[in-house]
Each structure stands twice: as structure tokens, then as C-alpha cells.
Amino acid sequence: MLVEKNVPLQHCNTFGIAARAHALVRVHSEDDVRALLADPLWGRRPPLVLGGGSNIVLTGDVEPVVLKMEIKGMRLVGETPAAWIVEAGAGERWHDLVAWTLQQGLPGLENMALIPGTVGAAPVQNIGAYGVELQDRFDSLDAIDLATGQGFSLDAAQCAFSYRDSVFKHVPAEPVGQRLDQALPRGMGLAGRAVITRVRLALPKAWKPDMGYLDIERKRAESGVDQPTAQQIFDWVCEIRRAKLPDPEVLGNAGSFFKNPTVTAEQCADIIAREPRIVHYPLADGSIKLAAGWLIDACGWKGKTMGKAGVYERQALVLVNRGDKHSADASVTGGEVMTLARAIQTSVYERFGIRLEPEPVVV
Ligand code: EPU
């Protein structure tokens with residue numbers, strides 16, 4: 001196990017924020033995690049797990065040791081009557097997995113093409129796009145308990161997925177002595193308590209295109225294709241994302257900065273009475289999801305800049321780095337991003353009475 005010291009993290013987070021890790025270990029296998037946990041110097045404090053750094057805001061140097069997840073490998077590992085089971089290492093890029101499954105003739109992930117980040121990070125916030133979420137294709141995952149070094153597996157129910165949420169985002173309620181390699185206690189959070197090493201996905205044998213999202217339906221209508229292939233949907237999703245979302249290689253960002261908030265039907269009726277144009281989607285449970293991008297846009301934030309943090313011109317839900325993401329001195333700071341985020345939260349609250357919740361992890 002090699003512990004690197006005083007490591008710049010600017011190229012390890014898609015915002016391009018210049019912060020340093022006091023110590024960093026590149027994890028290529030489960031044994032690398034166990035070696036770190038067994039080390040008397042580094043194993044005492046919970047590490048910070050870093051995947052592609054596409055959903056994180058670094059507000060300063062990182063004191064805990066950083067585990068940079070680089071476990072690789074993608075393979076077909078099994079089948080059920082309804083699905084092919086594919087397994088990928090936590091350190092694979094999510095988009096590479098989507099492309100690889102299509103090359104293998106195993107469709108099902110195409111709506112989630114081009115989402116930045118790694119496979120290991122995907123279950124943490126239950127990534128999703130264009131009508132499909134990770135939980136719709138999830139089989140199981142392997143993880144290591146950071147308190148004991150024991151490996152364990154979780155199925156979808158144990159991951160407790162919901163919109164941009166899972167057991168990995170919640171702080172443990174149980175004492176550290178609780179064993180995770182046995183049944184996971186109900187309602188237990190795993191934030192800071194476990195690291196995901198491998199993820200298995202269930203790809204439907206009877207594949208059907210998922211066309212429920214307006215942007216995709218528009219592409220279908222434009223192309224005149226009635227029954228698109230998975231590759232066509234993959235291409236359309238890539239085109240839609242490239243047109244709407246900034247490429248983090250060029251303009252630093254962490255994707256959607258806020259979650260789309262959910263309100264009751266009564267609250268929504270009240271807001272619609274004042275703002276008839278508000279973009280909203282009814283959910284199965286009777287509640288209503290509002291488009292956070294629309295709310296922020298309506299408050300006049302699109303294209304605005306505060307310090308070196310800005311609101312993207314083409315999608316108000318995305319905060320961007322207006323500094324130089326390749327320069328340690330001229331890049332945006334985590335503090336500037338959070339100051340802008342708080343100003344947006346305040347103005348959306350003052351106008352609509354709705355509290356926006358950030359999507360990325362703030363460290
Ligand atoms: N809108 C505006 N102004 C804006 C932005 C959006 O009026 O500046 C309106 C749009 O016109 C549209 C609605 O808001 O009617 C929703 O916008 P969009 O379809 O772009 O999707 P979103 O709700 O902003 C979500 C996800 C994205 C995902 C897309 C497509 C969240 C927080 N974000 O964005 O995920 O790609 O849907 O499924 O749920 C991410 O999580 O990082 C991410 C990019």
C-alpha cells in the first residue's frame with residue numbers, strides 16, 4: 001500500500017477546486033482497503049472515499065486519508081430468467097460501462113449515458129437521467145465495512161434507494177459494533193461507514209426503449225424513427241446532454257447542484273395560483289416534483305456570477321467554475337461555490353417558500 005502525501009486534488013474533482021489531500025491511497029483491490037484499515041497510523045479515522053469527484057464540493061484541504069477508488073473490471077457474471085447480470089469495479093467510469101454493455105449487446109443503461117463519475121459512486125446518490133434511475137437496473141453491490149474490514153453485499157432493498165438518495169448518504173444510527181456482514185439493520189445509514197467496491201446491474205433480456213422523457217420523444221419525432229435501437233437512444237441522450245450541460249473537462253461543474261424539490265398537491269396549487277408557468281410533475285404518491293432549474297431561472301440567476309462561481313447560461317440548475325480550473329490560484333474555491341449556492345437558496349425561498357437542497361456532497 002502506497003500512501004501519497006500532500007496530493008493536489010484539483011484534477012480529481014470535476015469542479016476543478018484546488019484543495020489538497022494530506023494523504024491519499026489509490027485502491028486497486030479489496031486488499032488495498034483492508035491494508036489501509038489495518039495500518040495503525042492511517043486506519044483509525046474514517047477515510048474520505050473519492051470516485052470520479054463529479055458530485056463533490058471541496059471547501060478546504062482534506063484531513064482524513066482519501067481513498068481514490070480505482071478497482072477495474074467489467075464482465076457478465078450471470079443471468080436470471082429476466083435479466084443479464086453485469087458486474088463492474090467501483091473505479092470504472094460510469095459512461096464506459098454504459099458504452100461497454102451496448103457493445104456486448106446488453107442494452108438497458110442507454111438513458112444514463114454520459115453521466116460523469118464512477119460506477120462505485122452511482123448507487124450512493126442513485127444516479128438517474130431521462131426517465132431511468134440506477135435502482136431500475138440494480139442487482140446488488142459489494143462493499144467493505146470501514147470499521148471492521150469485513151466485506152458484505154447489499155441488494156436493492158438494503159440500499160434503500162429513492163430520488164438521488166440511498167443508505168450511503170445517511171449517517172449511521174447504530175453503534176460501530178453493529179456487524180454489516182450480517183443482515184443490515186433497518187434504517188441504518190452507511191455514510192462514512194462503508195466503501196463500495198463492486199456493483200452488479202440487471203439488464204433486461206426483454207429490452208424495450210424507455211421514451212417517457214420529453215427531450216427523448218422530441219429526438220424520436222425529429223428523426224422519424226418509430227422503434228429506436230438502444231444505440232440510437234444512447235446517441236440522442238449524448239446529444240441532449242452535450243447541448244444542455246457543460247462538459248466538466250472544459251467548464252468545471254458538478255452536474256445538477258440542487259435536487260428537484262417535492263411539495264404536496266396543496267402547496268403546489270398555491271404556487272401555481274401565483275406562478276402559473278411553473279414546471280411541475282405529479283408523482284405516483286400524490287406529491288408533486290418541481291423543476292429546481294425553473295425556480296432558479298425564474299429568480300433571474302441564469303448566467304449570473306458571484307466571485308468565480310457562476311450559474312450556467314443554458315441550465316440554471318448547474319453551478320460552474322468561472323475561474324481557471326487548471327490553475328491552483330485562479331480557480332473557483334469551494335467557499336465561493338457555497339456562497340453562490342446559499343444566495344440562490346435564499347432567493348428561491350423568499351420568492352416561492354421552497355428550500356432547495358444541494359445534491360453534491362460538501363466536504
Ligand atoms: N428549466 C428552466 N430553466 C432552466 C433549467 C430548467 O426553465 O434553467 C426547466 C426546463 O425547461 C424543464 C425543467 O426545468 O422544463 C426540467 O429541466 P431538465 O429537463 O433539464 O431536467 P432537470 O430537472 O433540470 C434532471 C436531473 C438531471 C438529469 C435530467 C434529465 C436532477 C436534480 N437533475 O434535471 O441530472 O440529467 O433531469 O433526466 O434531478 C444530475 O443529477 O447531476 C443531473 C444532471
Side-chain angles (χ1 to χ4, degrees), residues 1-71 89-94 116-125 127 141-149 151 164-172 176 180 189-199 248 252 254-255 257 328 331-335 337-338 341 358-363:
M1 175 187 72
L2 174 69
V3 181
E4 299 169 46
K5 306 278 179 60
N6 196 25
V7 183
L9 294 176
Q10 190 163 20
H11 302 297
C12 301
N13 72 96
T14 56
F15 248 119
I17 292 169
R20 284 175 175 270
H22 288 234
L24 181 143
V25 172
R26 292 178 195 280
V27 171
H28 298 284
S29 70
E30 282 81 350
D31 284 347
D32 287 341
V33 179
R34 292 199 184 93
L36 179 93
L37 296 175
D39 187 299
L41 184 60
W42 302 108
R44 268 174 299 156
R45 207 171 146 189
L48 172 77
V49 178
L50 197 60
S54 59
N55 202 43
I56 195 166
V57 182
L58 296 169
T59 57
D61 289 345
V62 181
E63 301 268 344
V65 61
V66 172
L67 286 191
K68 182 85 177 65
M69 298 308 290
E70 297 185 358
I71 298 176
E92 292 286 356
R93 278 173 15 132
W94 171 261
T118 53
V119 167
V124 175
Q125 60 151 346
I127 60 170
L141 60 77
D142 297 338
I144 295 179
D145 180 349
L146 292 170
T148 64
R164 294 298 191 273
D165 198 29
S166 77
V167 71
F168 296 98
K169 283 188 116 177
H170 295 267
V171 177
V176 168
L180 302 181
L190 290 180
R193 178 70 204 271
V195 55
I196 297 167
T197 52
R198 292 173 202 277
V199 178
F257 199 89
S331 191
V332 75
T333 64
V337 172
M338 294 314 295
E359 199 194 75
V361 178
V362 181
V363 177

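Please read all numbers here as calculations on a predicted model, not as lab measurements. Basis for what follows: all heavy atoms, side chains included, without hydrogens, waters or symmetry-related copies. The first residue of the sequence shown is numbered 1, and numbering continues consecutively from there.
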If I compare all heavy atoms of P46 with all of P64, which pair ends up nearest, and what's the gap? O-CB, 3.4 Å
Write down the atom of A254, the atom of P360, and the distance for their closest heavy-atom approach. CB-CG, 4.4 Å
Residues passing the side-chain hydrogen bond (donor to acceptor under 3.5 Å, both in side chains) test with D32, sequence neighbours excluded, are none
Working to the nearest 0.5 angstrom, can you tell me the gap between R198 CZ and E30 CD? 4.0 Å
With distance as the sole test, does T197 use its side chain to make a donor-acceptor pair with the main-chain N or O of D142 at under 3.5 Å? yes
Just by modelled atom types, is the H22 backbone N or O under 3.5 Å from a matching donor or acceptor in the K5 side chain? no
State the CG-CG distance between L9 and D61, to the nearest 0.5 angstrom. 8.0 Å
Are V66 and V7 side-chain neighbours, meaning at least one heavy-atom pair lies under 4.5 Å? no
Is there a donor-acceptor contact under 3.5 Å from the side chain of T59 to the main chain of V363? yes
Is there a side-chain contact between V49 and F168, using heavy atoms and a 4.5 Å cut-off? no
How long is the straight-line distance from OG1 of T14 back to CG of N55, given to the nearest 0.5 Å? 8.0 Å
Could you pull out all residues at least two apart from L41 that satisfy side chain to side chain contact (heavy atoms under 4.5 Å, CB included)? D39, R44
Pairwise distance CG(L48) to CD(E63) - rounded to 0.5 angstrom: 12.0 Å
Between V57 and F257, is there a side-chain heavy-atom distance shorter than 4.5 Å? yes
Please check if the side chain of T118 supplies one atom and the backbone of G91 the other of a donor-acceptor pair under 3.5 Å. no
Could you report the tightest heavy-atom contact between G16 and Q10, atom names first, then the distance? O-NE2, 3.1 Å
Work out which heavy atom in R193 is nearest to a heavy atom in A147; give both atom names and the distance. NE-CB, 3.5 Å
In Å, rounded to the nearest 0.5 Å, how long is the span from CZ of R34 to CG of D145? 10.5 Å
Where V65 and V25 come nearest, the two heavy atoms and their spacing: CG2-CG2, 4.2 Å
Heavy-atom pair with the smallest gap, counting every atom of S166 and V124: OG-O, 2.7 Å
Which residue pairs pass the salt bridge (charged side-chain N to carboxylate O under 4.0 Å, His left out) test with at least one member in residues 8-29, sequence neighbours excluded? E4-R26, R26-E70
With rounding to the nearest 0.5 angstrom, report the CG to OG distance, N13 to S331. 8.0 Å
